[in-house]
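Heavy-atom basis, side chains included; hydrogens, waters and symmetry copies ignored.
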Amino acid sequence: MSSFFKNPEIKVKMAETGVAFSGGGIRSAALCSGVLRRLLQRNAKIDYLSCVSGGGYTGTAYLDWKYRHGKKDDPKWHTEFFDHMRERAGLMCNWQKTLSGMFDTIVLLFLMLFVSVIMPTIVWGSYVCPLAYVIDFIFGDLLRAEDEEEEDCEDRRASPRRQGPIAGGNATAGERRPRCPIQPGSKAYTRVVLFSVLAILFIALYLAAKRSKTALSSKLFIVSAISGLLFAFTFIPFFIYYFFNLTPAWMQLIIFVFSIFVWFFFPVLRGRSSLVLVIYLYAYFVYWKVFEATVFGVEYSDHRFYSLLFTSGIALYFVPALGAIQQRLVHVFNRWKLQKAFYTNASVGLSGCGGIGMDDLVLRTFFTRPSKHEQLADNEQGPLTLGDLEGIKPQYLSNIVVNEWLIGEREEELKYELLVMSPTEIERLDRRPGQDQFEGKLEPQDIKLSTAMATSAAAVARHMGAYQKSTESIKQLQIVLGLGMGASMISDWEGAMKENCCWRMLPILVEVLRGLPLVTFPLVYFAGGSETWVAIGVLIFFIVLLVFVFFAVMKTGRQNPNKLELVARWFITNIPFVRFIRELLVVANEGPMPPPILRLSDGGHIENLAILPLLKKRLPKIVVVDGGHKTNDIEWGESLLDALELARKKLHCSFNGMDGRDIIEDLKENFIYTPKGHQPRSYRFKVTYYEKEDEYSKGTKVGEGEILLISPRHPVKGVRKEEPVPWKDALRDIDVDLEAAKWGESPQQDADEVDDLTFCCCESCHSFKCQKLSNYLCGVFPQHITANQFFTPRMFAAYHREGYNGCVEAEAAEFLAADIQIEVTDTA
């Protein structure tokens with residue numbers, strides 16, 4: 001009887017939809033722009049726009065323009081927007097205007113010179129004098145000692161060693177000094193023991209640190225690194241003095257190449273092989289100091305050396321800022337070029353620098369602090385943050401990889417994960433229910449829109465996610481030379497902004513104390529004091545550095561950190577040297593609390609289609625635009641299958657063809673292995689969503705949906721209509737006609753229109769004369785390699801047209817047509 005007193009409550013809501021724009025640089029941006037034009041033309045309902053890398057160029061630029069046009073869509077500004085993107089396609093080096101192209105080229109060359117040559121010389125050179133002094137002070141007499149039984153050595157040992165500059169012009173130390181043969185004796189034996197012990201300690205402790213799963217591993221690693229460096233900075237100078245200088249030039253070259261070979265192929269050293277350049281340069285400077293040699297025509301003298309030591313102390317006050325700039329300048333430059341090319345002037349200004357400040361260049365040093373990003377008022381100019389886009393449809397989802405962050409305790413767990421940034425939240429893809437790692441620490445209003453876009457597009461970074469192993473041998477070289485577009489971000493941005501004046505002054509005090517011994521103690525020496533003062537100053541300096549290294553390698557990430565870990569997190573956040581050492585040694589954060597500094601890179605370093613965030617939301621309709629690079633037709637489904645496999649593991653999804661067939665076989669038959677001239681530009685399949693209570697449960701079905709994949713095809717290979725539809729007819733429902741000179745006659749293209757598109761960055765270079773060379777170096781349409789970011793407007797238009805044509809062929813707008821979901825519940 002009770003059922004008669006209940007009334008059914010019917011809830012009707014529109015099914016949510018999502019669109020994913022893949023990575024692929026400007027090539028993918030152009031393809032996705034064509035798809036976007038068609039979806040906007042048909043007023044397709046899009047609730048979420050998930051973007052990675054190049055797809056984010058188009059996605060974020062569209063949202064920036066929409067925000068500046070009253071947060072509403074309109075065909076008039078849509079046309080201006082796509083024309084704007086086409087004209088700015090040569091974002092890195094625009095040779096459409098000769099002067100502009102020359103200026104861009106000079107800027108690029110100077111950037112590489114500044115980041116990879118000038119800055120490393122200043123940053124690393126500031127430490128070489130203190131290091132050479134310590135090696136000479138501790139090991140110098142032992143390394144210089146000759147066999148006491150050699151009569152020719154007696155006179156030299158009886159005379160004082162310090163006699164200022166050594167005469168001899170450009171003669172080597174070996175030619176100027178009498179050479180004593182090494183006979184079995186106490187000091188020769190001591191040297192052998194020294195080299196052997198240091199080498200054995202280095203290898204043994206390194207292996208022990210790699211195998212250890214306890215907190216002891218970081219301490220073992222520090223001792224191992226110190227032992228290895230001491231071995232390098234004692235043995236290499238000794239080898240140069242006693243053996244290297246006596247060999248012919250051709251033999252020296254063979255020995256040098258062989259030593260490089262050992263570094264790159266010996267398993268224990270392989271991961272750090274890129275540091276060999278820095279170590280060799282340091283070793284030569286140690287050789288210059290210990291043996292008072294002439295290196296590259298520069299003679300040694302005490303006055304010259306101590307002057308350089310004093311200069312190092314002065315330079316150390318500037319090194320934190322300079323080092324931070326070096327590590328971030330490529331990222332900031334890439335972000336500047338992207339936002340300048342595609343965003344509105346209201347957001348980034350005429351110069352395109354809007355929103356780029358000192359905190360972007362140096363992250364955090366003693367003279368900068370995070371700034372509060374206030375939400376913009378209506379019609380207010382200034383850089384947009386993710387928080388400014390709240391409530392705007394579609395909701396933007398930025399796919400970024402956060403590296404060196406291990407949450408679980410399982411050995412097979414990876415140290416990287418997808419970090420999804422949106423206008424409403426920032427979360428790891430694997431965030432567990434009730435777990436919000438960034439609440440009250442890092443909010444959407446703290447992230448500029450262009451930062452999220454450029455970070456998602458950091459294809460070349462010092463941390464590479466799933467591609468980490470393939471770049472391991474050059475990681476340290478990338479860090480040393482500042483080669484990478486990846487970003488670093490303070491995880492507790494809100495807390496950093498709330499610091500009082502005393503806490504903000506503390507990093508200044510630490511940096512002053514760090515360089516003070518190298519400035520004051522040499523001055524005492526120059527004023528007539530004993531050399532002991534210099535030794536004391538250098539000793540204090542290295543003690544401070546060891547303390548910094550200790551904090552750099554400390555484990556962080558526990559839910560409830562102890563006081564020592566809190567101190568370590570403060571040092572990592574505020575002291576650039578500690579951050580640098582932590583990154584150089586690739587120390588991972590272990591635990592649910594975010595790392596003090598987030599190491600971010602391209603979302604494509606996990607999954608290049610940007611589909612995982614949409615699958616996590618269990619959307620019933622998803623369109624995926626695949627603009628990724630493929631070398632042949634067989635690879636068209638690889639990115640999709642990789643993404644689906646990750647979805648199975650991480651999100652418990654299941655996939656089948658539309659007729660229920662296994663997804664792999666269905667994809668091969670209906671999309672990959674199709675005959676030339678009949679290759680479809682789309683593939684449609686089903687997804688089933690499951691909820692699992694834990695990793696051991698079978699899971700419960702909680703929903704299902706459909707996914708539509710859109711990919712480009714060559715005009716000869718793809719499906720083609722007999723009568724191409726001109727732009728005027730294709731766009732008749734919005735009363736827009738595109739200029740044929742810019743966009744061609746029709747969305748459909750002929751082979752002649754795309755086959756002569758070459759790698760050149762100016763329109764006049766597109767010709768069949770360069771086709772063979774271009775095909776070999778950069779591929780052919782629609783798969784010009786991603787490394788080629790020097791697009792011309794014509795190349796952009798070609799990919800744009802292909803995207804539009806593919807969207808029409810796939811009927812993507814009709815696919816996204818709103819579905820109605822009805823929920824019926826009983827109410828009393």
So with a 6.0 Å cut-off around NZ of Lys630, is the heavy-atom count from everything else above 12?
yes
Closest non-hydrogen atoms of Ala751 and Val716, given as atom of the first, atom of the second and distance, are CB-CG2, 3.7 Å
Considering only NZ, NE, NH1 and NH2 on the basic side and carboxylate oxygens on the acidic side, decide whether Glu427 and Lys616 come within less than 4.0 Å.
yes
Between the main-chain N or O of Lys742 and the side-chain N or O of Arg86, is there a donor-acceptor pair closer than 3.5 Å?
yes
What are the two closest heavy atoms between Arg42 and Ala813, and how far apart are they?
CB-CB, 3.5 Å
Under 3.5 Å, is there a donor-acceptor pair between the Ser639 and Asn608 side chains?
no
Flag the pair Leu31 / Ser28 as yes when at least one side-chain heavy-atom distance between them is below 4.5 Å, and no otherwise.
no
Measure from the side-chain N and O atoms of Arg720 to the backbone N and O of Gln749, and report whether any donor-acceptor pair falls under 3.5 Å.
yes
So, do Phe82 and Leu738 sit near enough that their side-chain heavy atoms are less than 4.5 Å apart?
no
Value rounded to 0.5 Å, distance of CG in Asp729 from CZ in Arg732
6.0 Å
Within the distance-only criterion (no hydrogens, no angle test), does the side chain of Thr60 pair as donor or acceptor with the backbone N or O of Gly56 below 3.5 angstrom?
yes
So, Trp727 side chain and Trp743 main chain: donor-acceptor pair closer than 3.5 Å or not?
yes
Does Leu708 form a side-chain contact (heavy atoms from CB on, under 4.5 Å) with Val624? I'd like the steps, not just the answer.
CA-CA 6 Å; Leu708 178 64; Val624 182; over 6 Å; no
Donor-acceptor pair, side chain of Thr58 and main chain of Ala29, under 3.5 angstrom:
yes
Check the angle between the aromatic planes of Phe438 and Trp405 and answer parallel, tilted or perpendicular using the 30° and 60° thresholds.
perpendicular
In terms of heavy-atom contacts, Gln783 and Pro712 come closest through NE2-CG, 4.3 Å
Let me see the working for Glu802 and Arg713 under side-chain contact (heavy atoms from CB on, under 4.5 Å), right down to the final yes or no.
CA-CA 8 Å; Glu802 182 61 19; Arg713 298 287 192 180; 4.1 Å; yes
May I have the list of side-chain donor-acceptor pairs in residues 654-661 shorter than 3.5 Å, sequence neighbours left out?
| residue | atom | partner | partner atom | Å |
| --- | --- | --- | --- | --- |
| Asp659 | OD1 | Arg661 | N | 3.1 |
| Arg661 | NH1 | Glu669 | OE1 | 2.5 |
| Arg661 | NH2 | Glu669 | OE1 | 3.1 |

Would you confirm whether Glu404, through its side chain, and Asn589, through its main-chain N or O, come within 3.5 Å as a donor-acceptor pair?
no
Sub-4.5 Å side-chain heavy-atom contact between Gln748 and Val725
no
Apply the test ring-ring contact (aromatic ring centres under 6.0 Å, His included) to residues His463 and Tyr416: give CA-CA distance (whole Å), side-chain angles for both, the deciding distance (0.1 Å), then the verdict.
CA-CA 9 Å; His463 303 281; Tyr416 55 87; over 10 Å; no
So CD1 of Ile46 and CD1 of Ile622: to nearest 0.5 Å the spacing works out to 13.0 Å
Rounded to the nearest 0.5 angstrom, the OG-CG distance for Ser398 and Leu418 is 9.0 Å
Arg618/Glu691 salt bridge by N-O under 4.0 Å criterion:
yes
Is it true that Glu706 and Arg684 have a side-chain N and a carboxylate O under 4.0 angstrom from each other?
yes
What I'd like to find out is whether the side chain of Leu36 reaches to under 4.5 Å of the side chain of Leu49, using heavy atoms alone.
no
Distance, nearest 0.5 Å, that separates OG of Ser33 from CZ of Phe342:
9.0 Å
Begin with the C-alpha distance, continue with both residues' side-chain angles, and end with the deciding distance and a verdict on side-chain contact (heavy atoms from CB on, under 4.5 Å) for Asp642 and Leu609.
CA-CA 9 Å; Asp642 290 343; Leu609 293 183; over 6 Å; no
So, do Tyr689 and Cys653 sit near enough that their side-chain heavy atoms are less than 4.5 Å apart?
yes
Is the side chain of His784 donor-acceptor paired with the backbone N or O of Leu757 at a distance under 3.5 Å, no angle test?
yes
So, Phe781 versus Tyr799, ring centres under 6.0 angstrom or not?
yes
Are the side chain of Glu753 and the backbone N or O of Asp750 linked by a donor-acceptor pair below 3.5 Å?
yes
Return the minimal non-hydrogen interatomic distance between Tyr62 and Leu40, and the atom names on each side.
OH-CD2, 3.4 Å
Quick one: do the His800 and Arg37 side chains pair a donor with an acceptor below 3.5 Å?
yes
Ser50 side chain vs Ala610 backbone, donor-acceptor pair below 3.5 Å
yes
Quick one, Val736 and Gln41 - any side-chain contact, counting heavy atoms below 4.5 Å?
no
Is Asp73 salt-bridged to Lys393, going by a charged N under 4.0 Å from an acidic O?
no
Rounding to 0.5 Å, atoms SG (Cys32) and CZ (Arg27) come to a distance of 10.0 Å
As a quick check of understanding, evaluate side-chain contact (heavy atoms from CB on, under 4.5 Å) for Arg38 and Val35, giving each step before the final call.
CA-CA 5 Å; Arg38 175 64 179 178; Val35 174; 6.0 Å; no
For Glu809, is there an ion pair with Arg681 - N to carboxylate O distance below 4.0 angstrom?
yes
In short, Pro726 meets Pro747 closest at the heavy-atom pair C-CD, 4.4 Å
So, do Val401 and Leu600 sit near enough that their side-chain heavy atoms are less than 4.5 Å apart?
no
If you define the side chain from C-beta out and look only at heavy atoms, does anything of Asn670 sit under 4.5 Å from Pro680?
no
Quickly, which of Ile707, Ile672, Asp666 forms a side chain to side chain contact (heavy atoms under 4.5 Å, CB included) with Tyr683? Name it, please.
Asp666
With rounding to the nearest 0.5 angstrom, report the CG to CE distance, Leu419 to Met489.
8.5 Å
Are the side chain of Ser22 and the backbone N or O of Val625 linked by a donor-acceptor pair below 3.5 Å?
yes
Work out which heavy atom in Leu615 is nearest to a heavy atom in Ala647; give both atom names and the distance.
CD1-CB, 3.6 Å
